[in-house]
Each structure stands twice: as structure tokens, then as C-alpha cells.
Colleague: 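Structure provided below as C-alpha cells; questions to follow.
Indexing begins at 1, ligand by ligand and atom by atom, following the structure's order. Numbers here are sequence positions counted from 1. As a basis for the values below, the full set of heavy atoms in this structure was taken, side chains included, without hydrogen atoms, waters or symmetry mates.
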Amino acid sequence: GSSSDSGSGGSGGSGDITMGFAQVGAESGWRTANTKSIQASAKDAGIKLKFSDAQQKQENQIKAIRSYIQQKVDVIAFSPVVETGWDTVLQEAKRAKIPVILTDRAVDSSDKSLYKTFLGSDFVLEGNKAGQWVVDNAATNDVNKDGKINVVEIQGTTGAAPAIDRKKGFEDKISADPKIKVVASQTGDFTRDGGKKVMEAFLKSQKDIDVVFAHNDDEGLGAIEAIEAAGLKPGTDIKIVTIDAVKDGMTALSEGKINYIVECNPLLGPQLMDLAKKVVAGEDVPARVETKEGEFDQEQAKAVLADRQY
Ligand code: GYE
């Protein structure tokens with residue numbers, strides 16, 4: 001660090017910042033890229049990082065946050081696995097005067113004083129983009145040409161902000177076209193294995209599936225395995241739209257197995273470290289910091305794949 005009068009423990013110069021980060025888990029390609037980004041950016045920013053992986057369990061995240069409070073870190077950042085149930089532990093952090101930054105996912109709390117800012121994507125907008133693609137391509141998405149577009153939805157983790165918001169954003173758009181209906185919807189927990197199992201069940205219970213809407217690439221990749229095992233051609237016999245745009249998803253898109261991907265950027269590390277320095281220094285930060293992202297069709301995926309970092 002560069003600061004010489006940092007005092008004991010508390011918030012000293014920026015070189016002396018310790019951040020406690022409570023990660024969701026390692027459930028997806030997105031999450032792995034997000035973790036790498038946070039670790040590398042902390043190093044670059046000279047921020048000491050204490051990192052924990054909650055294995056998708058809220059109780060583990062709460063334990064990790066409590067231990068960061070006990071260790072008197074300068075700032076706590078975390079990506080809440082679900083939206084509700086955080087007020088108590090966030091009040092404990094507030095009492096200990098440790099600022100909290102929500103990273104990637106939001107909490108559902110009426111008390112906005114419990115955290116300094118929320119850095120992450122607009123998940124409703126992502127769901128909107130996926131839904132709009134189904135609407136805009138209604139003719140080709142009606143694979144069975146029966147005038148109905150039956151969508152099966154593989155949701156993310158139950159109760160997680162991206163699962164709630166993507167579902168809503170998608171429904172808001174497809175409701176414009178009465179031909180398009182979600183005929184089945186289940187959680188795949190944002191994992192490849194979850195996506196595969198849910199798709200296997202859908203293939204048994206639904207006889208006319210035109211489109212799969214998977215809340216992330218990994219679930220879509222699992223669905224591809226199930227579709228191929230059933231002797232069908234993913235991307236052709238059943239259309240697939242997903243969210244994230246990680247390398248494996250983009251590869252499947254360029255190969256024609258996925259039809260459309262809405263981007264969700266996992267590289268939040270640099271912005272997180274900037275915000276951390278500011279809140280520790282007592283500076284004002286915006287209550288909401290949004291990440292910028294786009295969408296990809298099959299041709300666009302081919303063009304950008306080689307340069308994709310994650
Ligand atoms: O889309 C999914 C991951 O919270 C935005 O979590 C994140 C989501 C991401 O498991 O792949």
C-alpha cells in the first residue's frame with residue numbers, strides 16, 4: 001500500500017483496504033468468470049481479498065458475512081443467492097459500520113440504508129430481450145407450424161433476483177403475441193445438470209415444444225444434451241434462447257445448437273474495486289450501477305468467439 005498513516009484495522013488509505021466477498025458458488029461458466037474477475041481486479045487494485053464460496057446456500061453466505069464482520073474487514077461485497085432474508089445480517093454490518101456493496105444480484109429489502117450501492121445487470125431487460133426475440137421470430141419459432149409457439153422455460157435458482165426478473169421480463173414481451181405460450185416452467189438451478197434433468201422431464205411431459213427459454217447458458221447446454229439424447233436436433237427441431245454469452249454458450253450458438261443469446265456481463269471486478277475504494281473513503285456513490293451488455297445471433301457469435309475472454 002502507499003498510505004503510511006492507516007491506523008489500526010479501520011478504513012485507512014486505499015492500499016490498506018480489506019474486502020470480504022461472499023460468492024454464490026461455482027454453479028455456472030458465468031460465475032467462474034465473475035470470480036476470476038473479482039480476484040484479479042482486487043489484486044490489481046491493491047485490495048486484500050477474503051473470498052468464500054457458499055455453494056448456493058444462503059446460510060453459508062450469512063456465516064461468511066458474519067465472519068467478515070468479526071474480522072473487521074473494511075468493506076463487504078456479496079452476490080445474494082436469493083433476494084429475501086438479509087435484513088438481520090445487513091443490520092449487523094451496519095452497526096459495525098462496515099459498508100456493504102451488493103454485487104451482481106439485488107436483495108428485496110425496503111431499508112435501502114443497509115447497503116451503499118448495487119452493481120449489476122438489469123435482469124428484467126435481459127428477459128425482455130429474450131422474449132422480444134421469440135416475438136420477432138415467431139414465424140420460424142413455430143417449428144411445428146401449427147400456429148402455436150409453445151415455450152418451455154428453465155428457470156434459474158428459485159428466489160434469485162435473475163430468475164425472478166428474467167421470468168417477468170420474458171413474460172412481459174411474449175404477452176404481446178397470443179400465439180406464444182409458456183407451457184411448462186421449472187428451475188434448473190442455473191446448472192448444466194439441472195437444465196438437462198428439467199429438459200428430460202419436459203420432453204416426456206410435453207408433446208409439442210417449439211422453443212426453450214433457459215435463464216442461463218449452462219441450463220441451455222444441459223437442455224441440448226437432453227434434446228440430442230432424445231434423437232432431436234437442438235436449434236432446429238427445438239429453438240433455444242439463453243442468457244449470459246459465456247464461451248461454451250457462444251460456441252453452441254456458432255454451431256447452430258442455440259439460436260440466440262442475451263449477454264450478461266460477469267466481469268464486474270474493476271467496477272467493484274472502484275466502488276469499494278470510494279465507499280471506504282466515505283465518498284458518495286450512485287445507489288445503482290448498471291453493467292452494459294448486448295445480444296448475439298449465430299453469425300455475430302462466430303465473429304466474436306475467438307476474442308471472448310470467458
Ligand atoms: O446469469 C448465471 C449465474 O446472477 C447474473 O447467475 C447471475 C447469474 C448468471 O449462475 O449463469
Colleague: Is any NZ, NE, NH1 or NH2 atom of the basic residue among D16 and K48 found under 4.0 Å from an Asp or Glu carboxylate oxygen of the other?
Modeller: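 Not counted as a salt bridge, because no side-chain N and carboxylate O are separated by less than 4.0 Å.
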
Colleague: Do K278 and D274 meet the salt-bridge criterion of a basic N to acidic O distance under 4.0 Å?
Modeller: no

Colleague: If you measure from NZ on K94 to CG on D111, what distance do you get to the nearest 0.5 Å?
Modeller: 5.0 Å

Colleague: Taking NZ, NE, NH1 and NH2 as the nitrogens, is one of them in K167 or E153 under 4.0 Å from a carboxylate oxygen of the other?
Modeller: yes

Colleague: Between E83 and R105, does any NZ, NE, NH1 or NH2 come within less than 4.0 Å of an OD or OE carboxylate oxygen?
Modeller: no

Colleague: Would you check, one step at a time, whether the test ring-ring contact (aromatic ring centres under 6.0 Å, His included) holds for F170 with W133?
Modeller: CA-CA 10 Å; F170 185 80; W133 177 80; 9.5 Å; no

Colleague: Quick one: ligand 1 N/O to protein N/O pairs below 3.5 Å?
Modeller:
residue, atom, partner, partner atom, Å
ligand 1, 1 (O), R166, NH1, 2.9
ligand 1, 1 (O), R166, NH2, 3.1
ligand 1, 1 (O), D244, OD1, 2.7
ligand 1, 4 (O), R31, NH2, 3.2
ligand 1, 4 (O), D104, OD1, 2.9
ligand 1, 4 (O), D104, OD2, 3.0
ligand 1, 4 (O), R105, NE, 2.7
ligand 1, 4 (O), R105, NH2, 3.4
ligand 1, 6 (O), R31, NH2, 3.0
ligand 1, 6 (O), R105, NH2, 2.9
ligand 1, 10 (O), E27, OE2, 2.5
ligand 1, 10 (O), S28, OG, 3.0
ligand 1, 11 (O), S28, OG, 3.1
ligand 1, 11 (O), N216, ND2, 2.8
ligand 1, 11 (O), D244, OD2, 2.6

